[in-house]
Amino acid sequence: MRQSHQLPLVGLLLFSLIPRQQCEICKVSKENKTALKPLVHTMISSNYTKGIQAAKVLLSLRLGGFLNQNQDQHLIEQFILTVRSTEPSLTSGQLALAILALGACKGPDGISINYSELVKKLGNKYKAEIKNMEDHDGNPLTNYYQLSLDVLALCLFSGNYSVPKVAEIFKPGNKNYYFHKQFSVDTGATAVLALTCVKRSITSGQNKTDTKDLDNIDNHIKLLIRKILSQKTENGLLGNRESTGEAMQALFVSSNYYNRNQWVCQKTRNRVLKEISQGAFRMPTAAAQILPALMGKTYLDVNKDFSCVYGSDIFHISTQEPISVTPAVSASQIKVNYSVVINNAKDRIVVSVANGSVFLNVMEQAQKENAALFSFTAEETSWGPYITTVRGIKANTTDRTYWELLSNGEPLSKGAGSYVVHAGDDLEVRWSTY
Ligand code: CBY
């Protein structure tokens, strides 16, 4: 072949060698960083920097380099104590997130963390998840979102897990990716991050396995990415507002699995920035889930041997207790309908609550008026209260049962503590399977 003919070929070859991944990360520019201030403020000044719920917030702040060294040291020291005292009762995913947060980067000297002990405990919790699946028709103790976090943390921190088992259970057709036949973008996205870590550990030679497993894992990633992209909305979000951040992370690390025209990252990013400017992501966990992607980071950037980047306190936000502001609930009362639905039986009540009340307030009022029919219990989670029992009937992951929240027949995309009710709403808690 003549040299002049070879040139285009060489060019093509060079072009194909440019890592595409870089092009797909559309992080917020330096000039636009102030747009992120409300998120950082929500996270730092909240009580969510305390307790195990702080894990995701800490992980996010550390990945984004939003803390100064003093803040980091203080929060990490506090968090180590929390993890130590609560570890036996933590779910697998909570412990996985705690490990990711502690090992997000190498913190100040003098803080020593026994990763191998924590990772071993995570390995045991993960095993218990698998055992539950084997004994109970493929249902884990928690859910696939948490199993994905488990595999991700075990993979990043050299824990014990079986690659063939991962390849087997994370098949995209598995029911655990779906709630009521609806694909859970949050779950699919964390699974992509976990599978990508496992794939990288195989290709780098750290993990020896059959090539069949590698092919399967590769195929799972491809199909999960396709499913995530199928949940892209007109306005650019992936799934809903809350799932978009982790879905962006999944797409960042798998740009070889889709074409440029299938996802315009800038459109998603701009939509998210618009939502922030309109006051979205007020919940610390929601803020924590969106922030890394906006900084061009993913959970795969977690590296306990890499020194943390300490911002020069860019937003001047302190970890001091925030001055508590009581929400401006106007004194006027509104009437809403509330029902408890179990199979075909519906018990209904009309209750009066203060304007600006949330779903939980309605449940409390109904319980006050008729405890026999409307008693309930809730558990605090990083997303606010989760309704565990109504009239003594308990939600159970092993049977895939839960209390579904609906308004005017539509399932809510917010929890009981954050959905603000409107006059005349037809609110419902329904005994459901997912
Ligand atoms: N986190 C978890 O283990 C939760 C994983 C998650 C996929 C999660 C969404 C996503 C996330 N990023 O954390 C999830 N929900 C799950 C797995 C579940 C199931 C929980 C039981 C189990 N298998 O572990 C279940 C039962 C299907 C479920 N979620 C129910 C509900 C409803 C809660 C009602 C109640 N009883 O209180 C509700 C309100 C839906 C409804 N209409 O009934 C619901 N979830 C919602 C809205 C949400 C979103 C919360 C958004 C918000 N603004 O508050 C969610 C972010 C989340 C939390 N669920 Co679920 C999904 C979304 O909208 N993108 C790991 C741990 C370590 O933190």
Side-chain angles (χ1 to χ4, degrees), residues 48 51-57 59 90-101 122 125 129 132-133 136 139-150 152-153 175-191 231 237-247 249 280-290 299 340-341 358-360 363 376-390 393-420 427-434:
Y48 283 84
I52 194 64
Q53 325 285 19
K56 207 172 243 182
V57 166
L59 169 60
L90 296 181
T91 63
S92 68
Q94 284 175 323
L95 180 58
L97 268 180
I99 294 172
L100 294 174
L122 176 61
K125 287 187 197 268
E129 296 274 12
N132 206 72
M133 287 177 69
H136 299 281
N139 302 336
L141 287 170
T142 62
N143 52 63
Y144 260 32
Y145 183 84
Q146 298 204 27
L147 258 74
S148 302
L149 292 173
D150 300 347
L152 179 62
K175 66 177 176 188
N176 290 296
Y177 285 109
Y178 302 83
F179 303 131
H180 294 292
K181 302 215 167 78
Q182 169 73 36
F183 180 70
S184 160
V185 173
D186 309 67
T187 307
T190 41
Q231 300 297 313
L237 295 183
L238 303 157
N240 64 13
R241 213 161 54 187
E242 279 66 37
S243 56
T244 298
E246 289 174 341
Q249 291 191 29
F281 306 106
R282 288 232 182 103
M283 205 180 271
T285 306
Q289 270 192 200
I290 194 75
Y299 298 157
V340 169
V341 183
V358 292
F359 200 112
L360 190 76
M363 295 182 75
F376 75 96
T377 57
E379 236 166 52
E380 203 46 46
T381 74
S382 57
W383 289 98
Y386 175 78
I387 309 302
T388 42
T389 70
V390 176
I393 304 172
K394 195 171 192 310
N396 182 340
T397 48
T398 292
D399 305 335
R400 284 170 73 85
T401 51
Y402 79 117
W403 284 100
E404 188 181 12
L405 310 183
L406 303 103
S407 175
N408 304 318
E410 287 296 317
L412 300 184
S413 56
K414 284 185 175 172
S418 44
Y419 180 76
V420 177
L427 305 167
E428 205 174 290
V429 291
R430 190 187 289 176
W431 180 239
S432 297
T433 47
Y434 51 86

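Just follow the structure's listing: the first ligand is 1, and inside any ligand the first atom is 1. We number each residue from 1, following the sequence as shown.
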(request) Give the numbers and elements of all ligand 1 atoms closer than 4.0 Å to a heavy atom of Gly415. (result) 54 (O)
(message) For atom 38 (C) of ligand 1, what's the nearest protein heavy-atom neighbour? Residue, atom name and distance, please.
(response) Leu412 O, 4.5 Å
(request) Answer with yes or no whether Gln53 contacts ligand 1, where contact means a heavy atom under 4.0 Å from a ligand atom. (result) no
(request) Apply side-chain hydrogen bond (donor to acceptor under 3.5 Å, both in side chains) to Ser418 and list each qualifying residue two or more places apart in sequence or on a separate chain. (result) none
(message) For Tyr299, is there any backbone N or O sitting under 3.5 Å from a side-chain donor or acceptor partner on Gln249?
(response) yes
(message) Please report the interatomic distance CG(Leu152) to CD(Gln146), rounded to the nearest 0.5 Å.
(response) 13.0 Å
(message) Given 3.5 Å as the limit, does a donor-acceptor pair link the side chain of Thr433 with the main chain of Arg400, or not?
(response) no
(request) Run the numbers for me: atoms of ligand 1, each under 4.0 Å from some heavy atom of Ser382, listed by number. (result) 68 (O)
(request) Output yes when a side-chain donor or acceptor of Lys125 lies under 3.5 Å from a complementary backbone atom of Ala96, and no otherwise. (result) no
(message) Checking the N or O distance criterion of under 3.5 Å, is ligand 1 in contact with Thr91?
(response) no
(request) Considering only protein heavy atoms, determine whether one is less than 4.0 Å from atom 36 (N) of ligand 1. (result) yes
(request) Enumerate the atoms of ligand 1 whose separation from the nearest heavy atom of Tyr434 is less than 4.0 angstrom. (result) 21 (C), 22 (C), 23 (N), 26 (C), 27 (C)
(request) Look up atom 55 (C) of ligand 1 and tell me if a protein heavy atom lies less than 4.0 Å from it? (result) no
(request) With heavy atoms of Glu404 as the reference, note each atom of ligand 1 found under 4.0 Å away. (result) 43 (O)
(message) Measuring from atom CG of Asn143 to atom CD of Glu129, what distance do you get when rounded to the nearest 0.5 angstrom?
(response) 7.5 Å
(request) Find the distance between CG (Leu405) and CZ (Arg430) and round it off to the nearest 0.5 Å. (result) 11.0 Å
(message) Using modelled atom types and a 3.5 Å cut-off, is there a donor and acceptor pairing between side-chain atoms of Thr398 and backbone atoms of Asn396?
(response) no
(request) Test Ser413 against Asn240 for side-chain hydrogen bond (donor to acceptor under 3.5 Å, both in side chains), laying out the working first. (result) CA-CA 8 Å; Ser413 56; Asn240 64 13; 4.9 Å; no
(message) Considering non-hydrogen atoms of the protein only, which is the closest contact for atom 62 (C) of ligand 1, and what is the distance?
(response) Asn240 ND2, 3.4 Å
(message) For Trp403 and Trp431, take the angle between the two ring planes, folded into 0 to 90°, and tell me which bin it lands in: parallel under 30, tilted 30 to 60, perpendicular over 60.
(response) tilted
(request) Run the contact test for Ser413 against ligand 1 with a 4.0 Å cut-off on heavy atoms, strictly below, and give the result. (result) yes
(request) Considering heavy atoms of the protein only, find what lies nearest to atom 24 (O) of ligand 1 and give residue, atom and distance to 0.1 Å. (result) Asn143 ND2, 2.7 Å
(request) Return yes when at least one protein heavy atom is under 4.0 Å from atom 6 (C) of ligand 1, and no when none is. (result) no
(message) Heavy atoms only, cut-off 4.0 Å: how does Thr397 contact ligand 1, side chain, backbone, both, or neither?
(response) side chain
(request) Tell me, please, which residues at least two apart from Thr397 pass side-chain hydrogen bond (donor to acceptor under 3.5 Å, both in side chains). (result) none
(request) Quick one: look up the protein heavy atom nearest atom 20 (C) of ligand 1 and list residue, atom name and how far away it is. (result) Tyr386 OH, 4.1 Å
(request) Write out the residue and atom name of the closest protein heavy atom to atom 1 (N) of ligand 1, then the distance separating them to 0.1 Å. (result) Tyr145 CD2, 3.5 Å
(message) Taking 4.0 Å as the limit for heavy-atom contacts, which would you say applies to Gln289 with ligand 1: side chain only, backbone only, both, or neither?
(response) side chain
(message) Could you check whether any side-chain N or O of Asn132 sits under 3.5 Å from a backbone N or O of Asn139, counting only pairs where one atom can act as donor and the other as acceptor?
(response) yes
(message) Could you identify the single nearest non-hydrogen protein atom to atom 39 (C) of ligand 1 and state the distance to 0.1 Å?
(response) Lys414 O, 3.5 Å
(request) For Gln94, counting its heavy atoms only, list the atoms of ligand 1 lying under 4.0 Å from any of them. (result) 67 (C)
(message) Does only the side chain of Gln146 get under 4.0 Å from ligand 1, or the backbone, or both, or neither? Count heavy atoms.
(response) side chain
(message) Need the ligand 1 atom indices (1-based, order shown) with element for anything under 4.0 Å from a heavy-atom of Tyr402.
(response) 26 (C), 30 (C), 43 (O)
(request) Measure from atom 22 (C) of ligand 1 to the protein's non-hydrogen atoms and state whether any distance is below 4.0 Å. (result) yes
(request) Report yes if Gly93 has an N/O atom closer than 3.5 Å to an N/O atom of ligand 1; otherwise report no. (result) no
(request) Please check if the side chain of Thr244 supplies one atom and the backbone of Leu238 the other of a donor-acceptor pair under 3.5 Å. (result) yes
(message) Let me confirm one number: the CD1-CE distance from Ile387 to Met363, rounded to the nearest 0.5 Å.
(response) 4.0 Å
(message) Starting from atom 52 (C) of ligand 1, what is the nearest protein heavy atom, named by residue and atom, and what distance separates them?
(response) Trp383 CE3, 3.6 Å
(request) Take atom 29 (N) of ligand 1 and look for protein heavy atoms under 4.0 Å from it; say yes if you find one, no if not. (result) no
(request) Take atom 60 (Co) of ligand 1 and look for protein heavy atoms under 4.0 Å from it; say yes if you find one, no if not. (result) no
(message) At less than 4.0 angstrom from any non-hydrogen atom of Thr187, what atoms of ligand 1 do you find?
(response) 7 (C)
(message) Please list the nearest protein heavy atom to atom 10 (C) of ligand 1 with its residue and the distance rounded to 0.1 Å.
(response) Asp186 OD2, 3.4 Å
(request) Measure from atom 46 (C) of ligand 1 to the protein's non-hydrogen atoms and state whether any distance is below 4.0 Å. (result) no
(message) Could you work out, for atom 19 (C) of ligand 1, the closest of Phe179, Tyr177, Trp403, Phe376 by heavy-atom distance?
(response) Phe179
(message) Can you name the atoms of ligand 1, numbered from 1 with element, that are less than 4.0 Å from a heavy atom of Thr142?
(response) 22 (C), 23 (N), 24 (O)
(message) When you measure from the side chain of Gln53 to the backbone of Ser382, do you find a donor-acceptor pair of N or O atoms at a distance under 3.5 Å?
(response) yes
(message) Can you tell me how far apart CG (Leu95) and CG (Leu149) are? Round to the nearest 0.5 Å.
(response) 11.0 Å
(request) Ignoring hydrogens and angles, tell me if any N or O in the side chain of Gln289 forms a donor-acceptor pair with the backbone of Glu242 under 3.5 Å. (result) yes
